[in-house]
Amino acid sequence: MMSANDVHDVMDALSHAGCKAWLDGGWAVDAALGEQTRDHDDLDLVVELDAIQAIETALAPLGYRMRDDERPIRVVLASEDGRRVDAHTVVFDEGGGGVQPQPNGGTFRYPPEGFAVFGKIGRRELPCLSVEVQLMCHMGYEPDEKDMQDMRLLAARFGLKLPSVYS
């Protein structure tokens with residue numbers, strides 16, 4: 001499991017190494033809500049593709065090693081005790097959007113405004129994807145129960161209309 005302290009440690013290590021990273025997935029939902037709503041088995045981040053080597057180096061002292069290298073889509077770094085960082089890799093375009101290749105051969109573009117948000121994990125403000133972008137990221141695939149819970153919490157707190165798959 002990834003604790004709030006683990007999230008802080010990872011984000012601190014990346015920041016000290018000069019690597020930009022934004023919370024995504026369940027921890028981004030909790031950051032937007034300002035409270036931890038469930039246990040998390042990993043930490044999803046959006047990072048720059050060109051920073052993967054620096055990220056790997058920065059997280060090594062915390063016990064993380066490359067487990068899955070699926071560049072240019074993502075990499076997963078894992079520790080021996082089961083903590084995982086799932087880094088979704090993007091290349092920023094001229095407009096400031098982050099473009100991520102998808103397994104089906106297409107691309108997903110994170111809009112620039114999606115990166116201009118901070119949320120809270122514990123008492124710390126950390127960069128995370130906006131609520132609107134988090135909703136966009138949860139489209140196009142069959143949501144699991146955690147996805148359903150996360151999106152319903154965001155919709156209730158921020159007055160968002162959810163697609164029918166989340167009803």
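The pair Asp12-Arg124 meets the salt-bridge criterion, since a charged nitrogen lies less than 4.0 angstrom from a carboxylate oxygen. The pair Arg157-Glu35 meets the salt-bridge criterion, with a side-chain N (NZ, NE, NH1 or NH2) lying under 4.0 Å from an Asp/Glu carboxylate O. Note on Asp9 versus Arg83: no salt bridge recorded, every NZ/NE/NH1/NH2 to OD/OE distance being 4.0 Å or above.
Here the closest non-hydrogen pair linking Ala13 and Leu59 is CB-CD2, 4.0 Å. Listed here is the closest heavy atom pair of Arg65 and Ala60: NH1-O, 3.0 Å. Considering all non-hydrogen atoms of both residues, Arg84 and Tyr64 come closest at N-CE2, 4.3 Å. For the residue pair Met148 and Pro143, the shortest heavy atom distance occurs at SD-CG, 3.7 Å. The two residues His88 and Asp86 have their closest heavy-atom pair at CD2-O, 3.4 Å. Shown here for Ala28 and Cys128, the closest heavy-atom pair between the two residues is CB-CB, 4.3 Å.
The side-chain hydrogen bond (donor to acceptor under 3.5 Å, both in side chains) with Asp150 is formed by just one residue from the set His138, Arg38, Gln134; it is Arg38. Shown are Leu77, Asp24, Val10; of these, the side chain to side chain contact (heavy atoms under 4.5 Å, CB included) with Leu43 is made only by Val10.
Under the 3.5 Å distance criterion, the side-chain polar atoms of His40 are left unmatched by any main-chain donor or acceptor of Gly25. Put simply, the side chain of Ser15 never gets that close to the backbone of Met11: no donor and acceptor are under 3.5 Å apart. Thr89 contributes a side-chain N or O that, together with a main-chain N or O of Ile73, makes up a donor-acceptor pair within less than 3.5 Å. Formation of a donor-acceptor pair under 3.5 Å by the Thr37 side chain with backbone atoms of Asp30 is not found in this model. With hydrogens and angles disregarded, no donor-acceptor distance shorter than 3.5 Å links the side chain of Asp44 to the backbone of Val46.
Rounded to the nearest 0.5 angstrom, Leu129 CG and Met136 CE are separated by 10.0 Å. Atom CZ of Arg74 and atom CG of Leu49 lie 14.5 Å apart (nearest 0.5 Å). In this structure, CE on Met151 lies 10.5 Å from CE on Met139, to the nearest 0.5 angstrom. The CG atom of Leu135 sits 7.0 Å away from atom OH of Tyr166, with the distance rounded to the nearest 0.5 Å.
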Would Asp6 and Met1 count as a side-chain contact (heavy atoms from CB on, under 4.5 Å) if you check the C-alpha gap in whole Å, the side-chain angles of each, and the deciding distance to 0.1 Å?
CA-CA 9 Å; Asp6 292 327; Met1 287 292 145; over 6 Å; no

How far apart are the C-alpha atoms of Leu45 and Leu14, what are their side-chain angles, what is the distance that settles it, and do they pass the side-chain contact (heavy atoms from CB on, under 4.5 Å) test?
CA-CA 11 Å; Leu45 298 174; Leu14 295 178; 3.8 Å; yes

Can you list the steps and then say if Leu126 with His8 is a side-chain contact (heavy atoms from CB on, under 4.5 Å)?
CA-CA 9 Å; Leu126 296 170; His8 295 158; 4.0 Å; yes

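For the residue pair Ser79 / Asp81, a side-chain donor-acceptor distance below 3.5 Å is found, with atom types taken as modelled.
Classification of the Phe115-Tyr110 ring pair by plane angle, with boundaries at 30° and 60°, yields tilted.
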